[in-house]
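Take a look at the structure below.
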2 protein chains.
Amino acid sequence: MGQSPDLPGERPPFSAAAPAAPLWDLIELLFFAYRDFVGDPDHVLEKFGFGRAHHRVLHFVYRNPGLKVADLLAVLRITKQSLGRVLKQLVDEGYIVQRAGPSDRRQRLLFATSKGESLVLRLAGLQTDRIRRALGAAGAGEGAQLRRFLRGMIDQDEDDPVLKTILQASGTAETEER
Amino acid sequence: MGQSPDLPGERPPFSAAAPAAPLWDLIELLFFAYRDFVGDPDHVLEKFGFGRAHHRVLHFVYRNPGLKVADLLAVLRITKQSLGRVLKQLVDEGYIVQRAGPSDRRQRLLFATSKGESLVLRLAGLQTDRIRRALGAAGAGEGAQLRRFLRGMIDQDEDDPVLKTILQASGTAETEER
DNA sequence: TATTTATGTCAACTATATTGACATATTTCC
DNA sequence: GGAAATATGTCAATATAGTTGACATAAATA
């Protein structure tokens, strides 16, 4: 006697305290959108022998010149061992330099070189092109609402100085810098 | 003689054919938003001994009952070897069942069990809660503009039947199902 | 019947992360 | 000034999620 597999049946026609219906379409659109969003940089990074991890490190170092290792670890939420492998490659190949902190010489402050800047701008350009295309397709002034929506998706973290400034900045104004 | 590290200087004050300015804030907001968006399910999955890969498989199988293995591979863009490991666990532990295709018995059509449904609804509930919160905070209404933006971020793929139907559906109407 | 297709499996390897232990230099506290 | 705490780095073992390549089986199709 084959036991029937336990498939879910029809949804009950009605229910008093039903949980809010899942927003299936937005869940899926976010998945595909983010995959393509990071896919463009991935293709370029591959030619350099780098991966996504290198992109993230280079991005945050470029955007926060003089970033402390501790703050980079906080924003990436990885361990120093994991960062180590990636950062060492970026330093060895001249994309990032380290300088001792002026007041606390234990700190190794991180800076992108112009070689690093050139790569990070190339990657950001790809992502920016995709975003601009999508903003255009979405119609007038979607940017402001989109920023508010994305900020609302993000959990605060008092122990992450980089994230803190990002949430403050985007909370303030349109900040289309330069 | 210490060679100065090759740091990027000030941006040139003006330039005729400058590339469009990177949308730094949106690039970063997307990164953090997506990380927290998948972070909620991650915590739950961990208690089940599962990872993100299991979530993706279970999600698309639940959303597309009777999905062919080939179509699942297409939408996930992974190899059958990579899928194999994850799918085997989900089947062994009773979250997914396989049935031979009625017309083509080589096919193994995939279905979520009610155990699988219960897990996938729990995970979707977490993500839905976060999205609703953010939509509310953004004053974005039902998210019509957001849907158009996200669709604009996604590349078409004729060889992916699952993606094709998603882009069609979300392109049509508000599709708040049920 | 011969070939193609849909799926599965074995094996080796890569990228990115983890935990735990320990090392070094520097700063801070008493 | 010495002890303790801090910032960073390194070695080793392990986990997760992916890859390529080779080969196997059953069922459909030419």
Side-chain angles (χ1 to χ4, degrees), chain A residues 31 35 38-39 41-61 66-92 96-111 159 161, chain B residues 31 35 38-39 41-61 66-92 96-111 159 161:
Chain A
F31 169 74
R35 184 171 71 180
V38 293
D42 281 352
H43 301 316
V44 173
L45 289 159
E46 202 180 355
K47 304 183 216 157
F48 287 75
F50 291 150
R52 274 180 211 183
H54 302 83
H55 185 189
R56 292 196 286 262
V57 169
L58 189 53
H59 173 97
F60 285 111
V61 168
L67 189 63
K68 290 189 294 177
V69 169
D71 290 348
L72 182 54
L73 291 174
V75 71
L76 294 176
R77 297 204 194 147
I78 59 176
T79 57
K80 61 182 170 178
Q81 295 90 330
S82 192
L83 173 63
R85 173 186 54 93
V86 168
L87 182 55
K88 188 175 192 310
Q89 284 178 268
L90 288 167
V91 169
D92 287 350
I96 286 178
V97 289
Q98 302 172 300
R99 286 184 188 166
S103 59
D104 185 339
R105 296 198 350 219
R106 291 171 304 181
Q107 298 175 342
R108 319 296 293 278
L109 307 188
L110 304 172
F111 299 85
D159 301 333
Chain B
F31 168 74
R35 183 170 70 180
V38 295
D42 282 351
H43 301 316
V44 173
L45 289 159
E46 201 180 355
K47 304 183 214 155
F48 287 76
F50 291 150
R52 273 179 213 182
H54 301 85
H55 185 191
R56 292 197 284 261
V57 170
L58 189 55
H59 173 98
F60 285 112
V61 169
L67 189 62
K68 291 189 294 179
V69 169
D71 289 348
L72 182 54
L73 291 175
V75 70
L76 295 176
R77 299 207 192 144
I78 59 174
T79 58
K80 60 182 171 179
Q81 294 91 330
S82 191
L83 172 62
R85 175 183 48 91
V86 168
L87 182 55
K88 188 174 191 311
Q89 283 179 269
L90 288 167
V91 169
D92 288 350
I96 286 178
V97 289
Q98 302 171 300
R99 286 184 187 165
S103 59
D104 184 339
R105 296 194 355 216
R106 290 170 304 180
Q107 298 175 343
R108 319 296 295 278
L109 307 188
L110 304 172
F111 300 85
D159 301 331

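The figures that follow rest on heavy atoms only: side chains count, while hydrogens, waters and symmetry mates do not. Naming: A, B, ... by sequence-line order, numbering from 1 per chain.
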What side-chain donor-acceptor pairs closer than 3.5 Å can you find for residues 46-53 of chain A, not counting sequence neighbours?
| residue | atom | partner | partner atom | Å |
| --- | --- | --- | --- | --- |
| A/Arg52 | NE | A/Asp42 | OD1 | 3.3 |
| A/Arg52 | NE | A/Asp42 | OD2 | 2.9 |
| A/Arg52 | NH2 | A/Asp42 | OD2 | 2.8 |

Quiz item: Can you list, by residue number, the residues of residues 76-83 of chain B that have a non-hydrogen atom closer than 4.0 angstrom to DNA chain C?
Solution: B/Lys80, B/Gln81

Practice problem: Write down the distance between CZ (B/Arg108) and C1' (D/dT25), rounded to a whole number of angstrom. | Solution: 11 Å

Exercise. Taking only heavy atoms on the protein side, list every residue of residues 45-58 of chain A lying under 4.0 Å from any atom of DNA chain C, sorted numerically.
Key: A/Gly51, A/Arg52, A/Ala53, A/His54, A/Arg56

Which donor-acceptor pairs under 3.5 Å do the side chains of residues 77-88 of chain B make with protein atoms, sequence neighbours left out?
| residue | atom | partner | partner atom | Å |
| --- | --- | --- | --- | --- |
| B/Thr79 | OG1 | B/Ser82 | N | 3.3 |
| B/Lys88 | NZ | B/Asp92 | OD2 | 3.1 |

Quiz item: Of all heavy-atom pairs between A/Phe60 and A/Leu67, which one has the smallest distance, and what is that distance?
Solution: O-CD2, 3.9 Å

Quiz item: Tell me: CD of B/Gln89 to P of D/dA15, nearest whole Å?
Solution: 13 Å

Exercise. On DNA chain C, check which nucleotide each of A/Arg106 and B/Gly84 is closest to and give me the residue with the more 5' one.
Key: B/Gly84

Exercise. Mind checking the CZ-NE2 spacing from B/Phe31 to A/His59? Nearest 0.5 Å is all I need.
Key: 8.5 Å

Practice problem: Figure out the CZ/P separation between A/Arg35 and D/dA17, and round it to whole Å. | Solution: 16 Å

Self-check item: Over all atoms of both residues, closest heavy-atom pair of A/Leu58 and A/Leu90
Solution: N-CD1, 4.3 Å

Quiz prompt | Contact interval (first through last nucleotide) of DNA chain C with protein chain A, 4.0 Å heavy-atom | solution = C/dT16 to C/dT27

Quiz item: Nearest-Å distance, CG (A/Leu73) to C1' (D/dT8)?
Solution: 9 Å

Self-check item: Within-4.5 Å side-chain heavy-atom neighbours: A/Leu76 and A/Leu73
Solution: no

Name each donor-acceptor pair under 3.5 Å that joins a side chain in residues 102-111 of chain B to protein atoms two or more places apart or in another chain, with its distance.
| residue | atom | partner | partner atom | Å |
| --- | --- | --- | --- | --- |
| B/Asp104 | OD1 | B/Arg106 | N | 2.9 |
| B/Asp104 | OD1 | B/Arg106 | NE | 3.1 |
| B/Asp104 | OD2 | B/Arg106 | NH2 | 2.8 |

Exercise. Starting from P on D/dA7, measure out to CG on A/Leu110 and report it in whole angstrom.
Key: 15 Å

